[in-house]
Asker: 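Quick one: the structure is below, questions incoming.
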Amino acid sequence: MKMVRCRICGEVYLGSETPSHCPFCGAHREYLVSSEEYPADINDVQLTETERADLETSIELERSNTRFYLGMAQHKEEPVLSSAYKRLSKIEAEHCELFCKLVNIDEPDDLSAPMEVSDDWCVNIAESVEREKRASSLYRQFAARSTNERIHEVFDAVSAVEADHIEFDGVASAYAGCD
Ligand SMILES: [Fe+2]
Ligand SMILES: [Fe+2]
């Protein structure tokens, strides 16, 4: 049994092998490190005005995406997709929690409230692609203009996770038989 810690979300993973992605926030393997490589004060950062505003935008975005995926997960007539999007909602909630930690505020209290979504899986998957494209490109932009190393690292890592979700939407779309 190994114990690795995610430098992005701070969660500890237990298993025999280091996974390809953090099971909690989706960060890539390069961020899964030994606990010594995760300093206790990793999220104690001095934010610039721009970094604070960018994190606040990100909190709202993750909050909305968490609730959107929870809405998709309510459609249990398709159990595999329902479960997959429940997983995505948990990953987005993890991102929301991380951004809140960096701003040093409490997380929103409606993260477990599903959003009203379409009954049509294909419509929802298409909306997911749009949401993930927006998130991934915003975070790339936020990473590029951040001056703090930790903020840069976090936006870089999370941008890559949202890009992975676009790829996953392709898999889901084929599974659901969408055009
Ligand atoms: Fe993580
Ligand atoms: Fe996210």
Side-chain angles (χ1 to χ4, degrees), residues 2-15 17-43 45 51 53-73 84-103 105 107-108 110-115 117 124-144 146 149-172:
K2 284 212 276 190
M3 178 167 81
V4 290
R5 190 156 194 193
C6 175
R7 259 188 77 85
I8 302 306
C9 68
E11 295 290 342
V12 171
Y13 172 77
L14 307 176
E17 296 296 333
T18 303
S20 62
H21 297 77
C22 170
F24 309 102
C25 75
H28 294 180
R29 196 199 318 255
E30 65 200 270
Y31 298 104
L32 299 175
V33 296
S34 67
S35 44
E36 296 82 64
E37 293 169 86
Y38 187 93
D41 61 354
I42 195 167
N43 291 323
V45 286
E51 285 164 350
D54 289 348
L55 285 165
E56 281 167 358
T57 302
S58 309
I59 290 167
E60 274 314 301
L61 190 152
E62 295 294 345
R63 170 176 172 246
S64 175
N65 288 359
T66 298
R67 299 187 55 225
F68 176 73
Y69 290 139
L70 266 182
M72 284 177 81
Y85 282 97
K86 181 177 165 199
R87 173 60 30 211
L88 252 60
S89 83
K90 287 185 184 292
I91 290 173
E92 306 301 24
E94 195 75 54
H95 296 168
C96 191
E97 203 181 299
L98 167 66
F99 294 143
C100 287
K101 250 184 248 165
L102 289 164
V103 181
I105 56 169
E107 51 192 271
D110 62 354
L111 275 186
S112 56
M115 196 181 283
V117 302
N124 291 331
I125 292 168
E127 181 172 340
S128 169
V129 171
E130 291 315 309
R131 284 171 174 269
E132 297 294 354
K133 278 186 185 163
R134 175 164 180 263
S136 182
S137 80
L138 261 185
Y139 296 161
R140 249 197 327 271
Q141 221 180 293
F142 294 167
S146 61
E149 237 175 85
R150 172 62 175 161
I151 300 299
H152 181 87
E153 170 184 60
V154 164
F155 277 130
D156 219 27
V158 180
S159 172
V161 175
E162 314 300 10
D164 291 340
H165 293 170
I166 302 172
E167 205 180 313
F168 170 71
D169 281 324
V171 173

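Every number for a ligand or one of its atoms is a count from 1 in the order of the listing.
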Asker: Can you tell me if Lys133 has over 12 outside heavy atoms packed within less than 6.0 Å of its NZ?
Answerer: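 Atom NZ in Lys133 is not packed in, count stays at 12 or less.
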Asker: Out of Glu37, Glu30, Glu153, which one pairs with Arg7 under the side chain to side chain donor-acceptor pair (under 3.5 Å) rule?
Answerer: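 Among Glu37, Glu30, Glu153, the one meeting side chain to side chain donor-acceptor pair (under 3.5 Å) with Arg7 is Glu153.
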Asker: In degrees, rounded to 10 degrees, what angle do Glu62 atom OE1 and Glu92 atom OE1 make at the Fe ion (ligand 2)?
Answerer: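 With the Fe ion (ligand 2) as the vertex, the angle is close to 90°.
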Asker: Tell me, which N, O or S atom in His95 is closest to the Fe ion (ligand 2)?
Answerer: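 It is ND1, the N, O or S atom of His95 closest to the Fe ion (ligand 2).
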Asker: Angle at the Fe ion (ligand 1) between SG of Cys9 and SG of Cys22, to 10°?
Answerer: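 It is 110°, given to the nearest 10°.
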Asker: For Asn65 and His95, what are the C-alpha separation, side-chain angles and deciding distance, and is it a side chain to side chain donor-acceptor pair (under 3.5 Å)?
Answerer: CA-CA 10 Å; Asn65 288 359; His95 296 168; over 6 Å; no
Asker: Can you tell me the N, O or S atom of Glu162 that's nearest the Fe ion (ligand 2)?
Answerer: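 Nearest N/O/S atom of Glu162: OE2.
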Asker: Do any of the N, O or S atoms of Glu94 sit under 2.8 Å from the Fe ion (ligand 2)?
Answerer: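 Given the 2.8 Å cut-off, Glu94 does not count as a ligand of the Fe ion (ligand 2).
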Asker: Is Arg134 salt-bridged to Glu130, going by a charged N under 4.0 Å from an acidic O?
Answerer: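 Salt bridge: no.
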Asker: I'd like to know whether Asn124 forms a side chain to side chain donor-acceptor pair (under 3.5 Å) with Tyr69, so could you lay out the CA-CA distance, the side-chain angles of the two residues, the decisive distance to 0.1 Å, and finally the verdict.
Answerer: CA-CA 9 Å; Asn124 291 331; Tyr69 290 139; over 6 Å; no
Asker: Is the Fe ion (ligand 2) less than 2.8 Å from at least one N/O/S atom of Cys96?
Answerer: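 No N, O or S atom of Cys96 is closer than 2.8 Å to the Fe ion (ligand 2), so no.
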